[in-house]
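Down below is the structure, laid out as structure tokens.
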Amino acid sequence: MKTRESGMPEEAMWDSFFDPESILAALALDSRCVNVVEFGCGYGTFTIPAANVVSGTVFALDIEPEMIQATEQRAVRFGVTNVRVLRRDFVEEGTGLPDGCVDYAMLFNILHCEEPSRLLREAHRVLAAKGKLGIIHWRSDIPTPRGPSLDIRPTPDDCANWAAQAGFDRLEGETILIPPYHFGIVLEKGRRIEECA
């Protein structure tokens, strides 16, 4: 199932919105993380930089064949061998990964979907104890040249509240502004697993 407003701009335009290395560092992805799952890899904009940080595998998931191909091509172009790109409807079917198998989950520009709690519960399931969740989304308080309509964009508080209901604790107190059009937050898999049911 595609999320609402799933269209991607041209790759060059998309890449112009981000400095992936500095964003990932700000969102607490570091070399202590071994395996990563990315919900919606798109062009691989964050996939390849994440693969350069971690010692294990980046599981890059997307429903679109074109995005799978783009990410695979980017991995080859940059000589990255620790990326496993999987075409998967993770909204409907989950990730297909075992419980507790990753140290970091990336939910970037995707929580405008109709059931964000479903993705957050799946991220919680596949994260190891004390695993981290990085969230990025389009800001809803300013106009942007792309992105979903303003009325379906979550705020940082929306994301943090949904994540708390899924069993996450906020790791960083402040919302991270990601110029020019995004925000980010970092959470950690909490001990309140019973609340995920």
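Reckoned from all heavy atoms, side chains included, excluding hydrogens, waters and symmetry mates.
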*Would you check, one step at a time, whether the test salt bridge (charged side-chain N to carboxylate O under 4.0 Å, His left out) holds for Lys132 with Glu188?*
CA-CA 4 Å; Lys132 294 182 184 116; Glu188 184 175 75; 5.8 Å; no
*Start with the C-alpha gap between Leu150 and Arg139, add the side-chain angles, then the distance that decides, and say whether side chain to side chain contact (heavy atoms under 4.5 Å, CB included) holds.*
CA-CA 8 Å; Leu150 291 174; Arg139 291 174 57 184; over 6 Å; no
*Thr95 vs Arg125, side chain to side chain contact (heavy atoms under 4.5 Å, CB included): CA-CA, chis, key distance, verdict*: CA-CA 10 Å; Thr95 61; Arg125 183 188 70 77; 3.5 Å; yes
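In terms of heavy atoms, Phe39 sits closest to Ala105 at CE1-CB, 4.3 Å. In plain terms, the two heavy atoms of His124 and Gly167 that are nearest each other are NE2-O, 3.4 Å. For Pro49 against Pro20, the heavy-atom pair with the smallest separation is CG-CB, 3.6 Å. Heavy-atom minimum distance, Cys113 versus Leu119: SG-CD1, 3.7 Å. The two residues Ala28 and Val186 have their closest heavy-atom pair at CB-CG1, 4.1 Å. Between Ile48 and Ala75, the shortest heavy-atom contact is CD1-CA, 3.5 Å.
Residues Ile178 and Phe183 are not in side-chain contact: their nearest non-hydrogen atoms beyond the backbone lie 4.5 Å or more apart. Taking the side chain as every heavy atom from C-beta outward, Val54 and Asn82 approach each other to under 4.5 Å. Put simply, the side chain of Phe59 reaches to within 4.5 Å of the side chain of Val102, judged on heavy atoms. Side-chain contact between Leu86 and Leu61 is present, with at least one heavy-atom pair separated by less than 4.5 Å. Side-chain contact check for Arg88 versus Ile68: every heavy-atom pair is 4.5 Å or farther apart.
Atom CD of Glu122 sits about 11.0 Å away from atom CD of Glu93, to the nearest 0.5 Å. Note that OH of Tyr104 is 5.5 Å distant from CG of Leu29, once rounded to the nearest 0.5 Å. Ile185 contributes atom CD1, which lies 5.0 Å from atom SG of Cys159 (distance to the nearest 0.5 angstrom). To the nearest 0.5 Å, the span separating CG on Leu127 from CG on Asp99 amounts to 11.0 Å. Interatomic distance, NZ of Lys189 versus CG of Asp103, reported as 11.0 Å (0.5 Å rounding).
Each of Thr45, Val80, Thr47 was compared with Arg74 under the side chain to side chain contact (heavy atoms under 4.5 Å, CB included) criterion, and only Thr45 meets it. Just one of Ile135, Leu120, Leu107 meets the side chain to side chain contact (heavy atoms under 4.5 Å, CB included) condition when paired with Leu187; it is Ile135. The only option from His182, Arg153, His112 that meets the side-chain hydrogen bond (donor to acceptor under 3.5 Å, both in side chains) definition with His137 turns out to be His112. Checked options Thr71, Val58, Leu24, Leu27; the residue passing with Phe46 is Leu24 (criterion: side chain to side chain contact (heavy atoms under 4.5 Å, CB included)).
Remark: the backbone N or O of Val91 is paired with a side-chain donor or acceptor of Arg118 at under 3.5 angstrom. Judged by distance alone, with hydrogens and angles left aside, the side-chain atoms of Thr144 form a donor-acceptor pair with the main-chain N or O of Arg146 at under 3.5 Å. A distance-only check finds a donor-acceptor pair linking the side chain of Asn35 to the backbone of Thr57 [under 3.5 Å].
Salt bridge Glu64/Arg87: absent, no basic N to carboxylate O contact under 4.0 Å.
Grouping the Ile, Leu, Val, Met, Phe, Trp and Tyr side chains by contacts below 4.5 angstrom, directly or via other members, places Trp138 with Ile142.
With hydrogens and angles left out, the side-chain atoms of Thr155 and Asp157 include no donor and acceptor closer than 3.5 Å.
Residue pairs meeting the salt bridge (charged side-chain N to carboxylate O under 4.0 Å, His left out) criterion with at least one member in residues 25-37, sequence neighbours excluded: Asp30-Arg32.
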